[in-house]
Amino acid sequence: QVRLVESGGGLVQDGGSLTLSCVASGRTFATMGWVRQAPGKERTFVAAISIGWSGPSTYYADSVKGRFAISRDAAKNTVYLQMSRLKPEDTAVYYCAAPPRKAVTSDDYEYWGQGTQVTVSS
């Protein structure tokens, strides 16, 4: 049984930092990603990381480039999302997901975690 379990969400002030973690069990994935959903809005891609022969490749939404960093610990089957310089518009439920069913940068993934709330206060 595949499970993705996120942790690390919370309340942070504008400009602050948070690190999300996602532990996968039941299967390993070449590509894992983060997708978020703000209140009243559709899900949107945030970041993804793929492990290939030449090493890891990372992908980011334009809105988070330079502020968020995705990384992975293969031994722990865990993916991280380090978020810095957070803004109120980053407020959303963040979901860990794997693998992508279409483009890596889409919001269409096969398995999903339960989500973790990130709230950025102004």
Side-chain angles (χ1 to χ4, degrees):
Q1 180 182 2
V2 174
R3 289 192 70 200
L4 302 174
V5 180
E6 305 99 332
S7 61
L11 174 64
V12 65
Q13 289 188 331
D14 190 355
S17 301
L18 277 176
T19 297
L20 306 182
S21 301
C22 173
V23 180
S25 60
R27 181 177 160 182
T28 57
F29 301 97
T31 299
M32 297 183 71
W34 291 93
V35 176
R36 68 185 181 187
Q37 186 166 23
K41 296 186 177 180
E42 296 185 347
R43 294 182 311 198
T44 56
F45 167 80
V46 177
I49 184 166
S50 295
I51 305 299
W53 291 106
S54 59
S57 298
T58 56
Y59 309 83
Y60 297 97
D62 288 343
S63 59
V64 306
K65 278 181 183 176
R67 300 188 298 121
F68 290 12
I70 189 169
S71 61
R72 193 162 174 179
D73 185 332
K76 296 181 180 179
N77 212 12
T78 300
V79 63
Y80 305 95
L81 185 67
Q82 295 175 284
M83 306 183 292
S84 60
R85 290 185 281 144
L86 283 160
K87 305 174 183 180
E89 50 263 44
D90 294 318
T91 295
V93 177
Y94 283 71
Y95 297 91
C96 175
R101 293 195 285 197
K102 299 177 181 175
V104 171
T105 56
S106 75
D107 63 354
D108 189 1
Y109 281 71
E110 184 172 356
Y111 298 102
W112 295 81
Q114 81 286 356
T116 186
Q117 177 71 46
V118 172
T119 303
V120 184
S121 62
S122 56

Do [X] and [Y] make a side-chain contact, defined as non-hydrogen atoms from C-beta onward lying under 4.5 Å apart?
| X | Y | result |
| --- | --- | --- |
| Y60 | I70 | yes |
| E6 | Q114 | yes |
| V79 | W34 | yes |
| N77 | S25 | no |
| M32 | C96 | yes |
| V64 | R36 | yes |
| M83 | V118 | yes |
| F29 | Y111 | yes |

Point to revise | Co-membership, hydrophobic cluster, residues Y109 and V5, 4.5 Å side-chain | key: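 No, no single cluster joins them.
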
Could you tell me the separation between the [atom1] atom of [X] and the [atom2] atom of [Y], rounded to the nearest 0.5 Å?
| X | Y | atom1 | atom2 | result |
| --- | --- | --- | --- | --- |
| T105 | F45 | OG1 | CZ | 5.5 Å |
| Q117 | T91 | CD | OG1 | 7.0 Å |
| Q82 | L18 | CD | CG | 11.5 Å |
| L86 | F68 | CG | CZ | 5.0 Å |
| D14 | S121 | CG | OG | 7.5 Å |

Taking all atoms of both residues into account, what is the closest heavy-atom pair of [X] and [Y], and its distance?
| X | Y | answer |
| --- | --- | --- |
| A47 | L81 | CB-CD1, 4.0 Å |
| R72 | I51 | NH1-CG1, 3.5 Å |
| L4 | A98 | CD1-N, 3.9 Å |
| D90 | Y94 | O-OH, 2.6 Å |
| G9 | L20 | N-CD2, 3.6 Å |
| V35 | W112 | CB-CZ3, 3.7 Å |

Practice item. Return yes if some donor-acceptor pair links the side-chain N/O of S21 with the main-chain N/O of Y80 below 3.5 Å, else return no. Key: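 Side chain of S21 to backbone of Y80: no pair is present.
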
Exercise for review: Check whether any side-chain N or O of S84 sits under 3.5 Å from a backbone N or O of S17 as a donor-acceptor pair, and report yes or no.
Suggested key: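 Not at all, since once roles are kept as given, no pair shorter than 3.5 Å links the two residues.
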
**Study point:** Other residues, nucleotides, ligands: >12 heavy atoms within 6.0 Å of R27 CZ
**Key:**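 Yes, enclosed.
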
Practice item. Evaluate whether atom CD of Q13 has more than 12 neighbouring non-hydrogen atoms of other residues, nucleotides or ligands under 6.0 angstrom away. Key: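 Check fails, neighbour count at 12 or below.
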
Review point. Which residue pairs satisfy the disulfide (SG to SG under 2.5 Å) criterion with at least one member in residues 28-83, sequence neighbours excluded?
Key: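 Listed by first then second residue: nothing to list.
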
